[in-house]
Amino acid sequence: DTGVSQNPRHKITKRGQNVTFRCDPISEHNRLYWYRQTLGQGPEFLTYFQNEAQLEKSRLLSDRFSAERPKGSFSTLEIQRTEQGDSAMYLCASSSRRTSGEETQYFGPGTRLLVL
Amino acid sequence: AQKITQTQPGMFVQEKEAVTLDCTYDTSDQSYGLFWYKQPSSGEMIFLIYQGSYDEQNATEGRYSLNFQKARKSANLVISASQLGDSAMYFCAMREDGTGTASKLTFGTGTRLQVTL
């Protein structure tokens, strides 16, 4: 049973460049979440997919950010024209809702982004 | 107002002792879930334990137990028999079930636990 994987684990880029991160969820999970975590804070919700549909986006997700989950499996998060304020850990989580209504999100190892 | 409050930025505990990490929450929903995650220095968030708002018994998972006091809106994590490998950041999180389709989590600012010899 493989967990959630994310690539790359680390990314250093120059301000103004575009970056793309990938998340591979646990295979049987139909729900996928992206979070951002800055230093000294807990993760903050960015966006949510159920299968291939992006159903919710946070106000944190500016128009420079776009996320996709084209076949309802892996997801990508792209940041265009990166800014120094985008430096953070980007975490992906997946889950599926049980018939009881319970749902536990399992996180990947994260992608640590540094914008110079 | 903070939805999840963790008032202890850092805690120390001796190996083999028990430690309680505090968490209070704020919600007007009747149905919600409370979670604890562990984040080692590697960065991955590791799920530890879950408590549903309708669960009458406190959740337990091995050395972890959740002291759920609904009237006080607190969900403290108790780690028994601490081990050196328990040194990490610990985050309390809440899922509110009445806010759309996403079961997004709201996290506190975390408590850094250091286990000493």
Side-chain angles (χ1 to χ4, degrees), chain A residues 3-6 8-11 21 23 26 29-51 53-61 67 88-98 100-114, chain B residues 2-10 21 23-25 29-55 59 61 64 66 77 88-112:
Chain A
V4 179
S5 61
Q6 291 187 246
R9 294 291 308 277
H10 302 272
K11 179 72 176 177
F21 311 140
C23 170
I26 293 170
H29 286 176
N30 63 341
R31 295 178 168 213
L32 188 147
Y33 299 80
W34 285 98
Y35 292 83
R36 181 173 69 186
Q37 185 179 22
T38 53
L39 213 56
Q41 301 296 318
E44 294 175 292
F45 169 77
L46 290 179
T47 190
Y48 157 68
F49 290 85
Q50 184 162 313
N51 300 311
Q54 188 175 18
L55 296 184
E56 191 165 339
K57 292 194 285 188
S58 161
R59 289 172 299 170
L60 293 175
L61 213 65
M89 172 81 94
Y90 290 84
L91 291 160
C92 174
S94 72
S95 68
S96 62
R97 177 158 273 190
R98 304 184 194 92
S100 64
E102 282 186 29
E103 177 185 344
T104 297
Q105 293 180 28
Y106 294 91
F107 284 79
T111 295
R112 203 178 290 272
L113 172 67
L114 177 62
Chain B
Q2 292 279 350
K3 287 200 170 187
I4 296 286
T5 302
Q6 294 182 254
T7 57
Q8 305 153 314
L21 305 184
C23 173
T24 56
Y25 61 92
D29 281 4
Q30 296 301 308
S31 176
Y32 52 90
L34 296 158
F35 300 80
W36 278 91
Y37 286 86
K38 171 184 178 181
Q39 188 176 42
S41 55
S42 59
E44 183 174 358
M45 300 286 284
I46 301 167
F47 166 70
L48 297 178
I49 196 166
Y50 164 79
Q51 179 86 41
S53 58
Y54 293 118
D55 295 340
E61 289 284 350
Y64 305 108
L66 200 152
L77 176 70
M89 283 290 286
Y90 288 80
F91 289 95
C92 180
M94 177 172 64
R95 182 197 73 228
E96 294 174 285
D97 294 336
T99 54
T101 57
S103 295
K104 56 182 178 276
L105 298 176
T106 302
F107 286 83
T109 52
T111 296
R112 182 171 295 282

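In what follows, chains are A, B, ... by sequence order, proteins preceding strands, each numbered from 1. Model, not experiment: these values are computed from the prediction.
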Side chains of residues 37-45 of chain A: which donor-acceptor partners sit under 3.5 Å, not counting sequence neighbours?
{"from": "A:Q37", "atom 1": "OE1", "to": "B:Q39", "atom 2": "NE2", "distance (Å)": "2.8"}
{"from": "A:Q37", "atom 1": "NE2", "to": "A:Q41", "atom 2": "O", "distance (Å)": "3.0"}
{"from": "A:Q37", "atom 1": "NE2", "to": "B:Q39", "atom 2": "OE1", "distance (Å)": "3.0"}

Legend entry - Verdict with supporting geometry, B:F47 and A:F107, side-chain contact (heavy atoms from CB on, under 4.5 Å): CA-CA 8 Å; B:F47 166 70; A:F107 284 79; over 6 Å; no

At what distance, to the nearest 0.5 angstrom, does [atom1] of [X] lie from [atom2] of [Y]?
X: A:Y33; Y: B:S103; atom1: OH; atom2: OG; value: 4.0 Å
X: B:R95; Y: A:E103; atom1: CZ; atom2: CD; value: 6.0 Å
X: B:Y37; Y: A:T104; atom1: OH; atom2: OG1; value: 6.0 Å

Legend entry - Expected output: side-chain A:Y106 to main-chain B:M45 donor-acceptor under 3.5 Å: no

Legend entry - Proximal component of A:F49, with respect to chain B [non-hydrogen, under 4.5 Å]: neither

Legend entry - Most contacts with chain B, counted as non-hydrogen pairs under 4.5 angstrom, among A:A93, A:P109, A:G110: A:P109

Inset, instruction - Could you tell me which residues satisfy ring pair (Phe, Tyr, Trp, His ring centres under 6.0 Å) with B:F35, sequence neighbours excluded, listed by chain and number? - result: B:Y50

Legend entry - Which atom of B:G43 lies closest to which atom of A:R112, heavy atoms considered: CA-NH2, 4.4 Å

